[in-house]
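Okay, structure first, notes after.
Chain letters run A, B, ... following the sequence lines, proteins first and then strands; every chain starts at 1.
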Amino acid sequence: MSVETTTSPEVKKEPLFSKKNRKVLTDPLDDINPVTVQILGVCSALAVTTQIKPAIIMALGVTVVTAFSNLIIALIRDSIPGRIRMIVQLVIVALLVTIVDQLLKAYMFDVSKKLSVFVGLIITNCIVMGRLEAYAMSQKPWPSFLDGIGNGLGYGMILVVVAIIRELFGSGSLLGYKVVPQWLYDAGYSNNGLMMLPPAALFIIGIFIWIQRSRNRKLINAS
Amino acid sequence: MHSNRYTFIYAIILSVITAVVLAFAAEGLKPAQAANIALDKKTSILRSVRYDGAERAAIEKLYGASVRELVVNAQGEELSGIDAFAVVLKDELAKPVQERQLPLYIYTGEDGKKRYVIPMQGVGLWGPIWGYISLEEDFNTVYGAFFDHKSETPGLGAEISERPFQMQFQGKKIMDAEHNFISVHVVKKTAKIDVGPEHRVDGISGGTITSTGTDKMLRACVEPYLGYFGKVKS
């Protein structure tokens, strides 16, 4: 009995959510989280986390763009000339982002106004290019698509949690609704101005990394 | 390794495909986008006269029924034959004050009173900011104000587009008792400037550059209209 012959046809009709594919989707949430482990996309994590709403929208935008650019690049990965692969990746990403931007302007004008520059910033988000280079260039389209979704969600998760902390302590509100009661302010409580500034996000993400590394065995350096 | 020839052809084909896709997307979506931009401008003008509805049809109807558009110049003359709605404020601001075409929107409220809406354009920290300020019939008291921005930081400079900041302007005065133009200053509460509380609103903590930009914008955009207001009053 040869194991090789039994596994190879199986690979062809591998179920859409096989164990391997599920792992591709869930790994970026913890073990290879783009922000806290790969340390990618930190720049935008500092910029858009003063409030929860832009953080959520940015997370969705990055997820969609990462997923579809991963998919497209994986589909044409064998035809891309190695010497200009980065440019090709960038063109695809920019194309997707521009189309999303145009569609938002035409059909969801309010959302597009809220997002304003952030949509354009997705192009420069290192997670997108990072995943294209590290994953989509060498993997099949479907796992690449899942990898894009997973990384987008892993990024979004950190973004939203950081935004919750910053909006709560910086503005005393959540999603724009005041949650810190007036009597607390009257009693001398005041919003923390530092939370509104970019360094606060850096501290919070730093603390996340610390907690994650101390709990997740896989991330503890053996040496 | 692919040949140079292949690489060149690949790059050219990719560029052409992307260009075609983008051109179609941009052209095909243009009418919808232009309609949105026009509606947004009308909504902003109505926001400055304390209207807060959001329904498209209602906004179009109210705007059509109660807003009169006109263009004036700094000498106070009414200019005819120019579409006020289509005047590009940014281009006008680049001209010397005397040559500017100044769009003015006159809103007649349900109470029969007129509010004079002045469009404004200025610079924030990251990009342009703009807004509309409406004055009562005395050309002195601010009835309402609306500000918006392209890319100010959420939670900081972007607060100028939020209601609490804009509400502060209601009831402020732009002239002093001697009919000198003072404008409304956007400064921090503790700033020691020589104007009374009716001429100042609280700026945004952490949004100093945007606040200063708003302050400058108010001064630069409202003053040229004083000529016209003077003529209407007399």
Can you tell me how far CZ of F109(A) sits from CG of L39(B), rounded to the nearest 0.5 angstrom? 8.5 Å
Within 6.0 angstrom of Y189(A) OH, more than 12 heavy atoms from elsewhere: yes
Can you name the closest pair of heavy atoms from N36(B) and K105(A) and give their distance? ND2-O, 2.8 Å
Does atom NZ of K178(A) have more than 12 heavy-atom neighbours from other groups under 6.0 Å away? yes
Answer yes or no: does atom CG of D111(B) have more than 12 heavy-atom neighbours from other residues, nucleotides or ligands under 6.0 Å? yes
Which answer fits S3(B), side chain, backbone, both or neither, if we ask what part of it has an atom under 4.5 Å from a heavy atom of chain A? backbone
Quick one: pull up CZ in R85(A) and OG1 in T7(B) and give me the separation to the nearest 0.5 Å. 12.5 Å
In Å, rounded to the nearest 0.5 Å, how long is the span from CD1 of I84(A) to OH of Y10(B)? 7.5 Å
Nearest-0.5 Å distance, CD of residue Q51(A) to CD of residue E159(B): 5.5 Å
So does L197(A) have more than 12 non-hydrogen atoms from other groups sitting under 6.0 Å from CG? yes
Taking atom NZ as the centre, does K189(B) end up with more than 12 heavy-atom neighbours from other residues, nucleotides or ligands that are less than 6.0 angstrom away? no
One pair to check against side chain to side chain contact (heavy atoms under 4.5 Å, CB included): R83(A) and N4(B). What are the steps and the verdict? CA-CA 9 Å; R83(A) 274 172 295 180; N4(B) 283 350; 3.1 Å; yes
Would you compute the distance between atom CD1 of I92(A) and atom CG of L14(B) and round it to the nearest 0.5 angstrom? 5.5 Å
How long is the gap from CG on L156(B) to OG1 on T50(A), to the nearest 0.5 Å? 6.0 Å
For W126(B), look at atom CH2 and say whether over 12 heavy atoms of other residues, nucleotides or ligands are found less than 6.0 Å away. no
Would the number of heavy atoms belonging to other residues, nucleotides or ligands and lying under 6.0 Å from NZ of K41(B) be above 12? yes
Do other residues, nucleotides or ligands put more than 12 heavy atoms under 6.0 Å from F24(B) CZ? no
Counting heavy-atom pairs closer than 4.5 Å to chain A, which one of A158(B), S205(B), A32(B) comes out on top? A32(B)
Kindly say whether L29(B) contributes a backbone atom to a donor-acceptor pair with the side chain of Q102(A) at under 3.5 angstrom? no
With only heavy atoms counted, which part of S79(A) is less than 4.5 Å from chain B, the side chain, the backbone, both or neither? both
